[in-house]
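Contents: one structure, followed by commentary.
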Protein chains: 2
Amino acid sequence: MIENSQLLYQCKDCSLRQLSTLIVHEDEFDPMCRNTVQLHFSKGETILKQGGRATNLLFLHRGVVKFSYRYDTGSNYIMTIITGPKLVGGANLFFRDINIFSLTAMEDCEVCMVDIEDFKGLALRNPTYVLAMIEQAMDMFQHSIFNFISLAHNHVNGRIATVLLYLWDHVYKDSEYKFTVSRKELAEFAACSHENVINTLSRFRREGLIEFEGKKIVILNHETLTEISKKG
Amino acid sequence: MIENSQLLYQCKDCSLRQLSTLIVHEDEFDPMCRNTVQLHFSKGETILKQGGRATNLLFLHRGVVKFSYRYDTGSNYIMTIITGPKLVGGANLFFRDINIFSLTAMEDCEVCMVDIEDFKGLALRNPTYVLAMIEQAMDMFQHSIFNFISLAHNHVNGRIATVLLYLWDHVYKDSEYKFTVSRKELAEFAACSHENVINTLSRFRREGLIEFEGKKIVILNHETLTEISKKG
DNA sequence: CCTGTAACATGAAATATTTCACCTTTTAGG
DNA sequence: CCTAAAAGGTGAAATATTTCATGTTACAGG
């Protein structure tokens, strides 16, 4: 366990540790933390770069991050947006050595970079632990896949509704964060042009489904939006 | 090990067993097979039904299957198409108890239904084995995700090119199977109307990129199609 | 405080896609 | 062998979406 009063998050409060020590003994878990680096990322900073080596397992204590894929042409696609606490190294860990996606802080973030060999060591000695961690990571996949399905099946209306509901229910729910998702980012998430996002949001507002409070988008009519997300 | 001369695939030839016994001892693996049921599915048969209970881990010895998602409206979306030998229970295993997708045979298939508790037992005694199996299952996800990214980013041209290349390179490569993917199925995979598939395929043929041999689609110009898949 | 940049916004033209109507060919079943 | 159903195919009209042109607003740096 890292003993350092400078750290915002003391290891004793760490939710990964709390989760882990339900399964493995503290004496197994704590040594892993000695090689672990805790970092702060400001809003907008890149945490992992697409194409870079995946050397660490990431645990997001607090904050919001986006997984995005950049094309040669320069356009971006946001695969998913996740809020901590959550294991976010999964996609890069379980796939290959190279990061398939970039990871960018959308809010200030506290992240622990766990040494992957230490983690594998712990995992190999404790099979139940692997299964638990995989379950964690799969959660993320499941949401992504449902977003993808909405993408494949729906028109822009429905896709934007899906994305708004996802952000509301799973990322910014009960949060006092400003809803700092730009129209451009919403467009990259819903896979359409930013003009289309702007028009659609305006229409949703005129129809009383959502409301703008400064930067924040407030969902007024969850039910109708769910309808749109399913049918349109 | 199942001793039954009726079986098309004897356990000694099983590629899951060959793969597994690289990691775990035969004496660990073989007892699992005693509860395992080997089944044949004819082209078009449903192997797993969306919404049903996920009670088994599936290993596809031979054949081609599609993972598809059905909407209330009746329209289908094909998430991926894969060929054996491959562990195909992953998506349903690692997510929840309920099948998120239906699994349908697109060619005659040989499948083993492995008891999930037996598998978990084996996995828990052999952590390395879990990691190896997950790596297997992740392969499938990675391909799906790249298909999704193509879906999100490209116009129909590019999406159809992506789907054709995927089928050619990863499903029907070097195979003497008839390329029995109907226009309707291609449309469900590329997420567009079947008319659009028909038109696009005709255009690709006129441009000399592909050729029809009876039911089979033959890719003539892999390079240009790759270009289209990336840029269009 | 000024200024440039990025984000937000709107409408019209251009393009892409779906839907529909219709036809032909292939396939499966009686 | 006949027939109905399914799959393949085409083109035009309707619709959805993007692109472009333009302008406004918000915000950070000098």
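Below, read A as the first sequence line, B as the second, and so on, with proteins coming before strands; counting in each chain starts at 1.
Atom NE2 of B:H194 is separated from atom C1' of C:dT19 by 10 Å (rounded to the nearest Å). Separating the CD1 atom of B:I160 from the P atom of D:dG8 is a distance of 13 Å, rounded to the nearest angstrom. Rounded to whole Å, atom P of C:dT25 lies 16 Å from atom CZ of B:R183. The NZ atom of A:K184 sits 13 Å away from the C1' atom of C:dC8 (whole-angstrom rounding). Following rounding to the nearest Å, B:L186 (CG) and D:dA7 (P) show an atom-to-atom distance of 13 Å.
Take A:S229 and apply the side chain to side chain donor-acceptor pair (under 3.5 Å) test, not counting sequence neighbours, and it matches A:T162.
In this structure a side-chain-to-backbone donor-acceptor pair under 3.5 Å is missing from A:R70 to A:N76. The closest donor-acceptor contact from the side chain of B:S42 to the backbone of B:E45 lies at 3.5 Å or more, if one exists at all. B:R159 places a side-chain N or O within donor-acceptor distance of the main-chain N or O of B:A190, the cut-off being under 3.5 Å.
Checked for salt-bridge contact, A:R205 and A:E211 miss the test: no charged N lies under 4.0 Å from a carboxylate O. A salt bridge links A:E110 with A:R62: at least one charged nitrogen is closer than 4.0 Å to a carboxylate oxygen.
Checked against a 6.0 Å centroid threshold, the rings of B:F146 and B:F148 do not count as neighbours. Between A:F59 and A:H61, a ring centre-to-centre spacing shorter than 6.0 Å is recorded.
For the helix from C:dC1-D:dG30 to C:dG30-D:dC1, the angle separating the two terminal helix axes comes to 50°, with each axis derived from five pairs and the value rounded to 10°.
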Report, as a single string ordered 5' to 3', how protein heavy atoms within less than 4.0 Å touch nucleotides 10-21 of chain D: B base, S sugar-phosphate only, - not at all. B-----SSBBB-
